[in-house]
Structures are given as structure tokens and as C-alpha cells.
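For reference, the structure is listed below as C-alpha cells.
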Amino acid sequence: MHDLLDDAARRALRYLATLDDRPVAPRPEALARLGELDGALPAGPGDPAHTLQLLDEIGSPATMASAGGRFFGFVIGGALPVTVASHWLATAWDQNAALHAPAAAVSALETTALRWLCELLGLPAGTAGAFVTGATMANFTALAAARHAVLARAGWSVEADGLFGAPPITVVIGEEAHPTLLKSLGMLGLGRKRVRRVSVDGQGRMRPDAFPELAGPAIVCLQAGNVNTGAVDPMTPLIAAAHAAGAWVHVDGAFGLWAAAADATRGLVQGIAQADSWATDAHKWLNVPYDSGVAFVRDAEALRESPHRNPSDYTPELSRRARGVDVWAALHALGREGVAELVERCCAHARRFAEELRASGFEVLNEVVLNQVLVAFGGDEETLRTIARLQVEGTCWCGATRWQGRAAMRISVSSWATTAEDVARSVEAIRRAAHPPRPGIRT
Ligand SMILES: Cc1ncc(COP(=O)(O)O)c(C=O)c1O
């Protein structure tokens, strides 16, 4: 056991140490070798050291270098070294975080981590929280609480009697709600299609003047951090309008909720603490290992009644890993100032990208208010060709998206590992991808 775990640590360290020198996207040859791991189910036991060797020698080169500093696809953070370490240790502990009694240590750590998160994000003291796999499940969990509350107010127990014959719930979302929010609504029986969609402005923010009249049980889903632009719905007027109609307000803040942790960005999410529930990710901007999301619900009655709460009272699942340990470790190691600095640094890198790319004559399609930048290199075909060339060249990795009818390249700066030099190298690579040397012309 000692040699095996020692070998794993050495291999992991070598992997991380060489990330900077390899192409960000795996080479096709490396991906092709994955076939070697796809053999028949072994008939009997083998040497665990050989198992690990195969994983490293074939698996490691086939990974995307998203743990490094020049991966800017989707919204994917890295993992702070202290959280990789806490993850290793917590894996050795192998606690089932579902229940307090058999897992008192991790239960205590998670309770502290939730309190710290609420403080850091400016959420009301006493807010209840749940550690889940990601923002999709955090939205699901918080919206299950919303569904419970609005139907309970109408005299209906959805847990006992289901949705058949229940008073209808009006669900309001923005035109730019993340697709996973619809997935959560679908799983909750609230319907993907029967939602009322509110139109948005040029940055993807819900327009308060288009907010509908509401009557009866209602849930309003706002967004902090549009996945393309980083824009935040105007919280204060929208929450006031929703509450005036008696609606529950939920905020999907997968990455945008972290704006509340830094002085420079807090203004963007002003008023957000007035909502009733919030969803966020720790695996994005807090840079803990996957998978890690958090649901927050203001109404913490059950939490207050139970000094030794069972975490599973607040999550859809029973057995699970103690993902709150990594959140505790990140917050303990960074402190309030460290988290603020991480958020502000990512935003500064994003602004630098925008300035440099604009100066190169490319079109930046969004107001860069957070960590997201959208760039077009001409028409859709030219933009998509540029992205494809960039991904193959390997200095950095950015993905394609569509923004208000146009193809765009999205740059998301979400990793602790990104440095100013990474940004400079990536800008150069983007310039080369947009203006490749023409064949036959020597450069
Ligand atoms: C606004 C928003 N909501 C929800 C999600 C889904 O998050 P997860 O992949 O952690 O489930 C994302 C992912 O990027 C997002 O940006």
C-alpha cells in the first residue's frame, strides 16, 4: 500500500510539473492509445502497481491540461494545490458524509465551511446549505426547497402528495438562463417548456421592464453570471418585483456569486442577499477539485432545530463523499483576502485579454464585467476556423459559443494557475491562429 500511494503521488506531481510544457489539448496519438485501456474485463487480480502505471502512462497524456494556466474553455477552474492535498487526505479518510454519527469530523468541517461561505458571499447568517456535485444539482436542490415552500403556502404538501392535482406553480426564467437550469426544472416536474421566459438586454440580463405580473404560487429564477458574458441580472428591482408578488426568488450563481467575495466586483451582485435561495459551484471559481457545488436556502428552520444535523437532510442523495472538506481547505488557506484576490486576478486577466485582442483588431462582443470574454474574428466561418486552429496549435484552449446570433470564441479565466505570462502567450497564439502564415510565404 505504501509504495502504491507513494507512486501515485510521484506520478501526480510529475503530471502537474509538466503541464506547462505540453499542448493544452491532448494529441490525437495520445487519445488513440486510450484503446489500450479498453480491453476485456480482467479475469482475475493483477498487480495494482501495473494498474496505476497504465493509468498514468496512457491516461495522463490523453487528458486536457485544464489543471494548468492556459485552459480557458467553458467555465472550468483548476484545483488549488491545498485542495488537491485535502482531496487526497479526505480520500484516504473515505468518510460517508451523509450522516453525522459515523462521520462527525467531516460533518463538523462541512458545517464550518458553509458558515464561512455564507460570510464570504454575503448571504444572510443562518442560511442552510448543502454540498452537492455541482451547480446543476445545487439548482435542483434549492428549487426543490422553493417548490416545497410555495406549495406549502398554498396548503399542499408536494413531498406527500406529489404534483398531481397540486396548485400550478408559475416559473419565471430569463431568456438567457443556463440550459442546466431547465434540466433541473424538468427533473422537478416543473417543466422545461411551461416556464415564462423574460426577455434580456444585449448582455443577457433579464429586463426589469419585461418582468411579468404574477399571481399564485411562483418561483422566479435569476442569474448571477451569464455563461457567455458574465453579466448579472439586476438583482434589486427584480427581487423586489418578485417578492411583491409573493414569489420565491432563486439565483443561479454558478460562478457569478463569487463576485460577492471581492470589493472590485461586489457591486455587480448588489441586492443578491435578498433572494430566498442560491446555487453556486466550488469547482469553478473557488478552484477545488471536481465535483463540488453548493445549494443555499435562507429558511434554515430545520438546521436551527438540530445541533447535530445530518447533512443528508439537506441533499437529494444519502451516501456521498465529504466534498466540503476541500471547500474548508480552500477557504482556510486563502482566507477572505485570498479569495478576493483570486476573483480580482481572474477578472484582470480577462480585461487584459479583451484589451489586447481589441488592439489586434478583433471584435470583443461583451462588456467584460467579470471573467468572461467573447471574441469574433470576422464572420462565423472565420471565427470557427480560428478557434479550430488555436485548439490544434496547443498553446491554450478556448471553445466556441454562439452569442446573440453570432459565432464567438469564449475565454473564461477561472483558474488560480493562470499568470500574466499565460495571458500574453495565449494572446500571441490567438493572433497566430487568426492570421496564419500563408502557404508559400516565408515568415
Ligand atoms: C450559470 C450556470 N449555471 C449552471 C451551470 C452548471 O454547472 P455544473 O456544470 O457545475 O453543474 C453552469 C456551468 O457553467 C453555469 O455557468
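We count ligands from 1, going down the list as the structure has it; atoms in each ligand are counted the same way.
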If you look at every heavy atom in L114 and A130, which pair is closest and at what distance? CD2-N, 4.1 Å
May I have all residue pairs that pass ring pair (Phe, Tyr, Trp, His ring centres under 6.0 Å) and include part of residues 232-268, sequence neighbours excluded? none
According to ring pair (Phe, Tyr, Trp, His ring centres under 6.0 Å), does anything in residues 181-206 pair up with another residue at least two apart or in another chain? List the pairs. none
Residues with a heavy atom under 4.0 Å from ligand 1, by chain and number, are G134, A135, T136, H178, T180, Q223, G225, V227, D252, A254, F255, D281, H283, K284
Return the SG to CZ distance between C221 and R196, rounded to the nearest 0.5 Å. 13.5 Å
Under the salt bridge (Lys or Arg N to Asp or Glu O under 4.0 Å) rule, what pairs show up with a residue in residues 208-228, not counting sequence neighbours? R207-D209
For residues G59 and L37, report the shortest heavy-atom separation together with the two atoms involved. N-CD1, 4.4 Å
